[in-house]
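Data block below; observations after.
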Amino acid sequence: MKCLVIDEMHDSIKPLLDGINVEYDYRPDITRAEIKEILPDYDGLILRSKTSVDADLIKDSKLLFVARAGAGIENLDEELLGKKGIEIINAPEGNRDAVGEHTIGLILNLLNNISRSHDQVLKGQWKREENRGYELGSLTVGIIGYGNSGSSLAKKLAGFGCKVIAYDKYIEELPDDNAQMVNMDSIYEETDILSLHIPLTDETRALADNEFFSRFKKNIIFINTSRGEIAPVHNILNAINNEKIKSAGLDVLECEKFSNLSHNQVKLLEELKDTGSVLFTPHIAGWTFESYAKINKVIADKISEFLDQYNKLK
């Protein structure tokens, strides 16, 4: 079994693959053209976000599996891989705690004006009353998506005493008691703080549009640590201007390579920054030293399980 690794990975990937008897070539500097040329020689592919796994890339391959070292798999053509019988492996378990903790950090920062008051103090301003905060325990947190990161957030919220409600279209019953399962009408009615924990799919793209935000009864704190395309910048800006969002914590944007922003995207982002209502982080919610290693362990374990099953069927 031979595997090609095309992205920079935590050093643990090498002994982990050795431990499950997978031969590998570690090529984090490889180009897409080079991948296409040599991929037919491999049974497996491990990547993060270097390139899209599409018909053009795998047309001549004999791949048995594609493993993405992360949670999202939007850069993989799921339908195509499914038709070709290529197993898709990802690792949402690896960074769920990191995402949950980062989300808590964004929420507490916004509730207590931490970043804003820090900047004011550096400028010689000591504004206590203007930065009076809110206690998380007095509020209702709504979670959309109760998979790995959504459930991790709910578990971490349990100690704050707040009410936690959750909606997940694909779960009939929550796997724990850390949240109350509700429908979307209750999310719109009760939520003070909304946090998205859903993958980017055709169904969720631009889900958080103008109509979506207009349906909330309260002016909410909005948190997005999932994917930027789910909540387009112009919709967030409109919701802030219409006072449907009073503040937001954004770890993701539609376009995260600033050099690739269009003129209109630059303008919208500047307007969003100028509201003073948004706390930005650069897609680091799941990006901890611990998750970097955990993701490798999850990937290796799942590859091992897949190969065991594959060998039994041979």
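If you read the sequence from its start, that first residue is 1, and numbering goes on from there.
Between Ile144 and Leu194 there is a side-chain heavy-atom pair separated by less than 4.5 Å. Considering only heavy atoms from C-beta on, Val99 stays 4.5 Å or farther from His102 through its side chain. Between Leu196 and Phe222, the closest side-chain pair of non-hydrogen atoms falls below 4.5 Å. Between Val141 and Thr191, the closest side-chain pair of non-hydrogen atoms is not below 4.5 Å. With contacts defined as side-chain heavy-atom distances shorter than 4.5 Å, the pair Ile295/Arg48 does not qualify. Counting only heavy atoms from C-beta outward, the side chains of Thr225 and Val252 never approach each other to under 4.5 Å. Annotation: side chain of Gln265 is not in contact with side chain of Val233 (no heavy-atom distance under 4.5 Å). For the pair His10 and Lys294, the minimum side-chain heavy-atom distance is 4.5 Å or more.
Put simply, CG on Leu268 and CG on Leu253 are 11.5 Å apart, with the number rounded to the nearest 0.5 Å. For the atom pair OH of Tyr188 and CZ of Phe212, the computed distance is 5.0 Å after rounding to the nearest 0.5 Å. For the atom pair Ile73 CD1 and Leu81 CG, the distance stands at 9.0 Å (nearest 0.5 Å). We find the NZ-CZ distance between Lys244 and Arg215 to be 11.5 Å, quoted to the nearest 0.5 Å. Of the inter-residue distances, the one linking Ile107 atom CD1 with Leu111 atom CG reads 7.0 Å to the nearest 0.5 angstrom. Atoms CG and CG, from Leu157 and Asn178 in turn, are 9.0 Å apart once rounded to the nearest 0.5 Å.
Residue Lys297 places its NZ atom among 12 or fewer non-hydrogen atoms of other residues, nucleotides or ligands, all under 6.0 Å distant. Few gaps surround CD on Glu270; more than 12 heavy atoms of other groups in view lie less than 6.0 Å from it. Applying the 6.0 Å contact sphere to CG of Asp11 captures no more than 12 heavy atoms from other residues, nucleotides or ligands. Within 6.0 Å of the CG atom in Asp274, the count of heavy atoms belonging to other residues, nucleotides or ligands exceeds 12. For Glu130, the CD atom is densely surrounded, since the number of other residues' heavy atoms within 6.0 Å is greater than 12. For CD of Glu37, the number of neighbouring non-hydrogen atoms (other residues, nucleotides, ligands) closer than 6.0 Å is 12 at most.
In this structure, Lys2 fails the cation-pi test against Tyr24, since its NZ or CZ atom is not both closer than 6.0 Å to the six-membered ring centre and inside 45 degrees of the ring normal. Annotation: cation-pi pair Lys155/Tyr146 absent, no NZ/CZ under 6.0 Å from the ring centroid and within 45° of its normal.
With sequence neighbours left out, the side-chain hydrogen bond (donor to acceptor under 3.5 Å, both in side chains) criterion links Glu305 to no other residue. Scanning for side-chain hydrogen bond (donor to acceptor under 3.5 Å, both in side chains) contacts around Asn109 gives Ser115, with sequence neighbours left out.
Residues Leu47 and Val298 fall into different hydrophobic clusters, defined by Ile, Leu, Val, Met, Phe, Trp and Tyr side chains chained together at heavy-atom separations under 4.5 Å. Under a hydrophobic-cluster definition in which Ile, Leu, Val, Met, Phe, Trp and Tyr are linked whenever side-chain heavy atoms come within less than 4.5 Å, directly or via other members, Leu57 and Val66 are assigned to the same cluster. Under a hydrophobic-cluster definition in which Ile, Leu, Val, Met, Phe, Trp and Tyr are linked whenever side-chain heavy atoms come within less than 4.5 Å, directly or via other members, Ile223 and Ile187 are assigned to different clusters. Leu4 and Leu76 fall within a single hydrophobic cluster, where Ile, Leu, Val, Met, Phe, Trp and Tyr are joined by side-chain heavy atoms under 4.5 Å apart, directly or via other members. In the hydrophobic clustering of this structure, Ile89 groups with Met9; members are Ile, Leu, Val, Met, Phe, Trp, Tyr whose side-chain heavy atoms approach within less than 4.5 Å, directly or through other members.
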Inset, instruction - I would like to know whether Arg96 and Glu93 meet salt bridge (charged side-chain N to carboxylate O under 4.0 Å, His left out); could you show each step before the answer? - result: CA-CA 5 Å; Arg96 60 188 174 191; Glu93 302 91 340; 5.8 Å; no
Legend entry - Intermediate values then yes/no, side-chain contact (heavy atoms from CB on, under 4.5 Å), Phe65 and Leu45: CA-CA 7 Å; Phe65 69 86; Leu45 176 67; over 6 Å; no
Legend entry - Worked check of side-chain contact (heavy atoms from CB on, under 4.5 Å) between Lys156 and Asp97: CA-CA 9 Å; Lys156 290 166 176 52; Asp97 286 325; 2.9 Å; yes
Inset, instruction - Evaluate side chain to side chain donor-acceptor pair (under 3.5 Å) for Asn95 paired with Tyr292, printing each intermediate quantity in order. - result: CA-CA 8 Å; Asn95 64 5; Tyr292 197 24; over 6 Å; no
Inset, instruction - Could you give me the CA-CA distance, side-chain angles and deciding distance for Glu8 and Lys50, then say whether salt bridge (charged side-chain N to carboxylate O under 4.0 Å, His left out) is met? - result: CA-CA 9 Å; Glu8 194 78 37; Lys50 177 183 284 287; over 6 Å; no
Legend entry - Arg227 vs Glu74, salt bridge (charged side-chain N to carboxylate O under 4.0 Å, His left out): CA-CA, chis, key distance, verdict: CA-CA 10 Å; Arg227 288 294 185 268; Glu74 63 270 12; 2.4 Å; yes
Inset, instruction - Given side-chain contact (heavy atoms from CB on, under 4.5 Å), test Lys84 with Ile58 step by step and report yes or no. - result: CA-CA 10 Å; Lys84 287 183 170 289; Ile58 67 171; 3.8 Å; yes
Inset, instruction - Verify side-chain contact (heavy atoms from CB on, under 4.5 Å) between Ser247 and Leu279, making sure each step is shown before the conclusion. - result: CA-CA 8 Å; Ser247 61; Leu279 178 64; over 6 Å; no
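In the model, Ser12 has a side-chain atom that pairs as donor or acceptor with a side-chain atom of Asn296 under 3.5 Å. Counting only N and O atoms by type, the side chains of Asn235 and Asp209 include no donor and acceptor under 3.5 Å apart. In this structure, a donor-acceptor pair under 3.5 Å is absent between the side chains of Ser186 and Glu189. With hydrogens and angles left out, the side-chain atoms of His283 and Thr281 include no donor and acceptor closer than 3.5 Å. Using modelled atom types and a 3.5 Å distance limit, the side chains of Tyr134 and Asp192 yield no donor-acceptor pair. Side chain to side chain, Thr288 and Ser291 meet the donor-acceptor criterion of an N or O pair below 3.5 Å. The closest side-chain donor-acceptor pair between Asn224 and Ser226 falls under 3.5 angstrom.
When all heavy atoms are compared, the tightest approach of Cys3 to Val22 is CB-CG1, 3.7 Å. Closest approach of Ile114 to Leu108, counting heavy atoms only: CD1-O, 3.9 Å. The nearest pair of heavy atoms linking Pro40 to Lys62 is O-CE, 3.4 Å. Taking all atoms of both residues into account, the shortest heavy-atom contact from Ala248 to Leu110 is C-CD1, 3.5 Å. When every heavy atom of Pro232 is checked against every heavy atom of Ala206, the shortest pair comes out as CD-CA, 3.8 Å. Nearest approach of Ala285 to Asp251, heavy atoms of both residues: N-OD2, 3.0 Å.
Taking 4.0 Å as the cut-off between side-chain N and carboxylate O, Lys218 and Glu190 do not count as a salt-bridged pair. The pair Lys123-Asp119 fails the salt-bridge criterion, with no side-chain N (NZ, NE, NH1 or NH2) lying under 4.0 Å from an Asp/Glu carboxylate O. A salt bridge links Asp54 and Arg32; the closest N-O separation between the charged side-chain nitrogens and carboxylate oxygens is under 4.0 Å.
A side-chain donor-acceptor contact under 3.5 Å links Thr204 to the backbone of Pro199.
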